[in-house]
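Residue numbering restarts at 1 for every chain, and letters A, B, ... go by the order of the sequence lines.
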Number of protein chains: 2
Amino acid sequence: MTESPESHTATVGERCARGDRGLVRAFSVLGKRWSGLVIGTLMNGPSGFRELSRAVGGVSDSVLSDRLSELCELGLATRRVEPGPPISVTYELTEAGYGLAPALQEIATWSDKFLVDD
Amino acid sequence: MTESPESHTATVGERCARGDRGLVRAFSVLGKRWSGLVIGTLMNGPSGFRELSRAVGGVSDSVLSDRLSELCELGLATRRVEPGPPISVTYELTEAGYGLAPALQEIATWSDKFLVDD
DNA sequence: GCTAGCTGCTTCGGAAATACTAGCGGCCTC
DNA sequence: GAGGCCGCTAGTATTTCCGAAGCAGCTAGC
C-alpha cells in the first residue's frame, strides 16, 4: 500500500468508521475527568496514592480514589498493598494500561503542535 | 538512536514526563464527556448538527451544542452557515482537529485490543 | 505519652456538568 | 394547516465532580 495523502486519509476515515465502537468504549474511560492524566502519570512507573495525587495535581482525593478504582476494575491498573509496617499501597498500570502509551504519545504531540499555551 | 525495548520504554517515559503540560491541555478537551466522540465522528467529514447528533448517538442537544462551540473556540472545528433557503449549518474539523487522527487511530486500536465488549 | 504529620481512603454537602425535553423560528411536504 | 425537519436555547432534573473533615494506621520529635 502506497503512502499517498489520499489513501492515508481514506484509511483514517475507514478506520474511524470501523472503530466507532472502539472509540465509544475508549472514551467511556478517557472522557471522564482526570482518567487520561492519571493513566499518563502512571506511565512513569508505579506510584502511591499521595504521590500520584501530587504528580497529577489538582485532583480531589475522592475523585482520584474513584478513578483508580475504575481503572483497576477495568484491568488497566493494579493496586498492591504491602502490609508493612508501615502499610503502603502502590498503583501500577497493567499491560493494557501501558498499551495506551502510543496513543498518549500521539495526543501529546498533537497538543504541543495545535493547542495554545494557557 | 537505537530502537531497543529499553530505550523505547525510556523514550515513552521521558516523552510523557515532558509532555505533561501537553497532556493536561489535551485532556482539558478530551477529558470532557462527548468531545472525543464528536471529534472522532467529524473525522468522517463535515456534518450538520442533527446528522452529527445521530452519528454520535446518545448526546443531548444542549451538550452537543456546548461541545461544538468549545471546539470552534479552540480552533479545532468550524461552523459554516449556508443562508439557504433552507438555512443549513455545517460543522467541519480544522487542520488542528484532523491532526488528532493518529491519536484517535491509536486509541481505537488500543480499545479493540484491551477493552472488553459491553 | 502526646502532638503533628504522613499515609489511603470514605463521607457528606454543595458546586458544576450533563441529561432531558419543551419550545422557538425557519423551512418543506402533504 | 398540520406535521416534520432543521439548529439551537432555556429550564429543570439528575449525575458527576469537588472540597474538606474525618477515620485508622503509622512515624518522628518533644
- Taken in chain and number order and not counting sequence neighbours, the residues that satisfy side chain to side chain contact (heavy atoms under 4.5 Å, CB included) with B/S60 are B/S62, B/V63

- Query: Under the salt bridge (Lys or Arg N to Asp or Glu O under 4.0 Å) rule, what pairs show up with a residue in residues 39-66 of chain B, not counting sequence neighbours?
  - Reply: B/R50-B/D61

- Task: Return the set of residues passing side chain to side chain contact (heavy atoms under 4.5 Å, CB included) with B/L52 (not counting sequence neighbours), or none when no residue passes.
- Result: B/V38, B/T41, B/L42, B/S47, B/V56, B/L64, B/L68

- Is B/D112 salt-bridged to A/R25, going by a charged N under 4.0 Å from an acidic O? yes

- Query: Does B/R33 make a side-chain N or O approach to OP1 or OP2 of D/dC17 shorter than 4.0 Å?
  - Reply: no

Review item, side-chain donor-acceptor pairs of residues 79-86 of chain B, under 3.5 Å, at least two apart:
residue : atom : partner : partner atom : Å
B/R79   : NE   : B/Y91   : OH           : 3.3

- Item | Partner set under side chain to side chain contact (heavy atoms under 4.5 Å, CB included) for B/S69, not counting sequence neighbours | B/E73

- Query: Does A/W110 use its side chain to pair, donor to acceptor, with the backbone of B/A96 at less than 3.5 Å?
  - Reply: yes

- Query: Taking for each residue the nucleotide of DNA chain D with the nearest heavy atom, is it A/V59 or A/G84 whose nucleotide lies nearer the 5' end?
  - Reply: A/V59

- Task: Check side chain to side chain contact (heavy atoms under 4.5 Å, CB included) between A/T78 and all other residues, then give those that pass, not counting sequence neighbours.
- Result: A/E92, A/T94

- Report, as a single string ordered 5' to 3', how protein heavy atoms within less than 4.0 Å touch nucleotides 5-10 of chain D: B base, S sugar-phosphate only, - not at all. -SBBBB

- Query: Going 5' to 3' along DNA chain C, which nucleotides are the first and last within contact of chain A (any atom under 4.0 Å from a heavy atom)?
  - Reply: C/dT7 to C/dT11

